[in-house]
Amino acid sequence: MTTEKNASDILTDTYNRKISNIRIAVTSACDLRCIYCHREGEGDNGCTRDDHASQMTKEEISELIGVFAELGVKTIKLTGGEPLLRPDLLDIIRSIPPHIESSLTTNGTHLAKLAKELKDAGLSRVNVSLDTMNRDTYIKITGKDRLKDVLDGIDAALAAGLTPVKLNMVVLKGMNDNEIDDFLAFVRARGENLILQIIELMDINGWTDDMDPAVHGNAQLVADLEKEFAKHSSRVTTRHMHHRRKYLVDGALVEVVRPMHNPEFCANCNRLRVTSDGLLKPCLLKTGNEVSVKGLHGDELKSAIAAAVKNRSPYFFAE
Ligand SMILES: Nc1nc2c(ncn2[C@@H]2O[C@H](COP(=O)(O)OP(=O)(O)OP(=O)(O)O)[C@@H](O)[C@H]2O)c(=O)[nH]1
Ligand code: SF4
Ligand code: SF4
């Protein structure tokens, strides 16, 4: 019985990676259709499964958050799909104990009108997906004409104090890799409250032919960018999570996320995912080892968490 184990044992996997961060997908619905969407490992590309029937209720999510808090989890991130589409999102945020750092990853299309309410509900900070400042490129990547709404959302998040706000820029060769300097300038102008997160494209989807040029060569592109940041940086810090490096480049804070074929990233992975339909997902890139928490309560939830943690292993492994 897992109840005999102490909380620290329950959260530590067989590779000595202790879970401190939980990512909960509160919906699989999204109003954008990004060409590279990995949907937090939930399945079909493109956020087409706007399926509310199997979605966890706010009560189920809140109970799960309570158990994770009791076990000693330090941070909770809400994701989707697009989390701001969930009507009871503010109630879910209010159920997160105040000692836990709460954040949310959003596409930003509804952020301008919700930023203050999110802050008032207790949310600490937001990450906003923005790959381009060019309207045509934005439409090409996301399928929708919402760039202005996202830019307004970033301003609103900064004004509401949902900081640091992180800008998630997935680098796409030939599509937005000419905009890195513009993004650095954008971030620099807003000080350390805004962090640029440069993300390597995860080559895990079935790409269409017209995506090929953007996919091939991306790993090298981000690796080269990181070398440039390192060369010009006046301060480098390494995060515990994934051992990601953060560079201060001429006043702009930049974090580099290079998950693919990177054993160091996986060796320092301390997060567990929860899908919108109530599966604990031990690894973003693996399927078939999920553990359901649907209909479970109390100690049953702890047992399910222990089983999911036991199923964890690094996806990319050092030889
Ligand atoms: N392989 C892998 N990639 C991840 C993982 N977590 C995040 N990523 C990548 O990082 C991107 C940005 O994730 P976010 O949801 O903004 O959150 P984060 O940057 O990981 O978390 P914070 O820095 O704490 O806000 C994702 O879209 C993924 O590409 C992970 O556990 N495994
Ligand atoms: S905004 Fe996020 S969830 Fe929505 S399609 Fe784009 S990558 Fe997927
Ligand atoms: S083990 Fe690696 S691929 Fe899997 S979730 Fe963790 S960092 Fe991502």
Side-chain angles (χ1 to χ4, degrees), residues 13 15 17 19-50 74-85 101-111 124-131 138 141-144 146 150 162-171 195-205 218 222 239-244 246 253 255-273 276 281-287 289 311-318:
D13 69 20
Y15 297 83
R17 301 176 305 172
I19 303 295
S20 57
N21 173 266
I22 306 298
R23 290 173 75 93
I24 303 175
V26 294
T27 177
S28 62
C30 185
D31 51 340
L32 300 185
R33 295 287 182 269
C34 300
I35 46 181
Y36 53 73
C37 180
H38 59 52
R39 309 207 50 246
E40 292 290 329
E42 284 205 33
D44 35 63
N45 182 19
C47 293
T48 48
R49 199 184 56 166
D50 298 350
K74 302 268 187 293
T75 63
I76 290 192
K77 184 177 289 294
L78 303 177
T79 67
E82 171 46 45
L84 299 189
L85 293 184
E101 190 221 42
S102 55
S103 64
L104 181 146
T105 299
T106 173
N107 65 29
T109 56
H110 296 273
L111 190 54
S124 312
R125 62 184 178 89
V126 289
N127 293 9
V128 185
S129 306
L130 182 65
D131 301 325
Y138 187 89
I141 294 173
T142 68
K144 300 281 163 70
R146 303 296 299 274
V150 180
L162 289 166
T163 51
V165 174
K166 297 177 90 174
L167 276 196
N168 281 351
M169 180 193 198
V170 177
V171 181
I195 299 174
L196 176 59
Q197 195 151 249
I198 292 283
I199 300 174
E200 178 191 2
L201 179 71
M202 296 180 69
D203 186 4
I204 56 174
N205 288 303
N218 255 293
V222 177
R239 284 184 73 181
H240 176 58
M241 183 175 69
H242 299 141
H243 274 193
R244 302 180 190 181
K246 253 196 219 169
L253 257 183
E255 182 169 333
V256 179
V257 185
R258 273 204 295 140
M260 297 306 284
H261 310 284
N262 183 353
E264 187 184 9
F265 198 89
C266 293
N268 296 285
C269 171
N270 53 17
R271 52 180 32 167
L272 186 66
R273 287 179 157 74
S276 58
K281 191 163 174 53
C283 171
L284 171 63
L285 298 184
K286 258 184 215 160
T287 48
N289 62 352
N311 283 353
R312 274 170 49 85
S313 59
Y315 189 81
F316 296 110
F317 210 83

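We count ligands from 1, going down the list as the structure has it; atoms in each ligand are counted the same way. Everything quoted here is computed from the prediction, not taken from an experiment.
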_Check whether Thr163 reaches the backbone of Val165 with its side chain - one donor and one acceptor, N or O, closer than 3.5 Å._
no

*Contacting atoms of ligand 3, where contact means under 4.0 angstrom from a heavy atom of Phe265*: 7 (S)

*For atom 1 (S) of ligand 3, find the nearest protein heavy atom and state the residue, atom name and distance (0.1 Å precision).*
Tyr315 N, 3.6 Å

*Shortest non-hydrogen contact between Met169 and Leu196, atoms and distance*: CB-CD1, 4.1 Å

_Nearest heavy-atom neighbours spanning Ala318 and Pro263_ = N-CB, 3.4 Å

*Going by distance alone, is a donor N or O of one side chain under 3.5 Å from an acceptor N or O of the other, for Asp31 and Thr109?*
yes

*Where on Phe265 is there a heavy atom closer than 4.0 Å to ligand 1, on the side chain, on the backbone, on both, or on neither?*
side chain

*What part of Ile199, side chain, backbone, both or neither, has a heavy atom within less than 4.0 angstrom of ligand 1?*
side chain

_His242: numbered ligand 3 atoms lying under 4.0 Å from its heavy atoms_ = 7 (S)

*ligand 2 contacted by Gly81 (non-hydrogen, < 4.0 Å)*: yes

*Without swapping roles, check the side chain of Ser124 against the backbone of Ser102 for a donor-acceptor pair under 3.5 Å.*
yes

*Hey, which atoms in ligand 1 end up nearer than 4.0 Å to a heavy atom of Arg239?*
22 (P), 23 (O), 24 (O)

*Measuring from Asn270:CG to Ile19:CD1, what's the distance to the nearest 0.5 Å?*
7.0 Å

_Could you tell me, atom by atom, which parts of ligand 1 come under 4.0 Å of a heavy atom of Met241?_
21 (O), 24 (O)

_Out of Asp13, Leu272, Leu284, who is nearest to atom 8 (Fe) of ligand 3 when you count heavy atoms only?_
Leu284

*Do you know the tightest heavy-atom contact between Asn311 and Pro282?*
CB-CG, 3.8 Å

*Check ligand 1 against Asn168 and write out every atom of the ligand that is under 4.0 Å from a heavy-atom position of the residue.*
12 (C), 14 (P), 16 (O)

*Could you tell me which non-hydrogen atom of Tyr36 sits nearest to which non-hydrogen atom of Ile141, and how far apart they are?*
CE2-CG2, 3.8 Å

*If you count the atoms of ligand 2 from 1 in the order shown, which ones are under 4.0 Å from a heavy atom of Asn107?*
1 (S)

_Sidechain-backbone polar pair: Asp131 side chain, Val170 backbone, donor-acceptor under 3.5 Å_ = yes

*Taking all non-hydrogen atoms of both residues, which atom of Thr105 and which atom of Pro83 are closest, and how far apart?*
O-CG, 3.2 Å

*Where's the contact between Arg244 and ligand 1, heavy-atom distance under 4.0 Å: side chain, backbone, both or neither?*
side chain

*Would you call the rings of Phe265 and His242 parallel, tilted or perpendicular, where under 30° means parallel and over 60° means perpendicular?*
parallel

*Give the contacting part of Arg312 toward ligand 3: side chain, backbone, both or neither, where contact means a heavy-atom distance below 4.0 Å.*
neither

*asked:* Can you see whether Lys286 engages Ser313 through a side-chain donor-acceptor pair at a distance of less than 3.5 angstrom?
replied: yes

*Between the candidates Lys77, Gln197, Arg125, Arg271, which shows the shortest non-hydrogen contact distance to atom 19 (O) of ligand 1?*
Gln197

_Below 4.0 Å, non-hydrogen atoms only: which portion of Glu200 touches ligand 1? Side chain, backbone, both or neither._
neither

_Side chain Arg312, main chain Cys269, donor-acceptor under 3.5 Å_ = yes

*Which atoms of ligand 1 have any heavy atom of His242 under 4.0 Å away?*
5 (C), 6 (N), 30 (C), 31 (O)

*Check ion pair Arg244-Glu255 (N to O, under 4.0 angstrom)*: yes

*Examine the proximity of ligand 3 to Arg17 and report which part, side chain or backbone, both or neither, has a heavy atom under 4.0 Å away.*
side chain

*Cys283: numbered ligand 3 atoms lying under 4.0 Å from its heavy atoms*: 1 (S), 3 (S), 4 (Fe), 5 (S)

*asked:* Within the 3.5 Å criterion, strictly below it, is a donor on Glu82 or Thr27 matched to an acceptor on the partner's side chain?
replied: no

*Can you sort out which atoms of ligand 2 are near Leu32, meaning under 4.0 Å from one of its heavy atoms?*
5 (S)

*Hey, which atoms in ligand 3 end up nearer than 4.0 Å to a heavy atom of Leu285?*
3 (S)

*Contact atoms of ligand 1, heavy-atom distance to Val257 under 4.0 Å*: 9 (C), 10 (O)

*For ligand 3, which atoms sit closer than 4.0 Å to a heavy atom of Cys269?*
5 (S), 6 (Fe), 7 (S)

*asked:* Any heavy atom of Met260 closer to ligand 1 than 4.0 angstrom?
replied: no

_Part of Cys34 within contact of ligand 2 (heavy atoms, under 4.0 Å)_ = both

*Ignoring hydrogens and geometry, is there a side-chain-to-backbone donor-acceptor pair from Arg33 to Cys30 under 3.5 Å?*
yes

*Could you list which atoms of ligand 1 come closer than 4.0 Å to a heavy atom of Lys166?*
22 (P), 23 (O), 25 (O)

*If you measure every N/O of Arg273 against every N/O of ligand 1, is any gap under 3.5 Å?*
yes

*Using a cut-off of strictly less than 2.8 Å, determine whether Cys266 has an N/O/S atom near atom 6 (Fe) of ligand 3.*
no

*asked:* Only heavy atoms of Cys30, strictly under 4.0 Å: list the atoms of ligand 2 that pass.
replied: 1 (S), 3 (S), 4 (Fe), 5 (S)

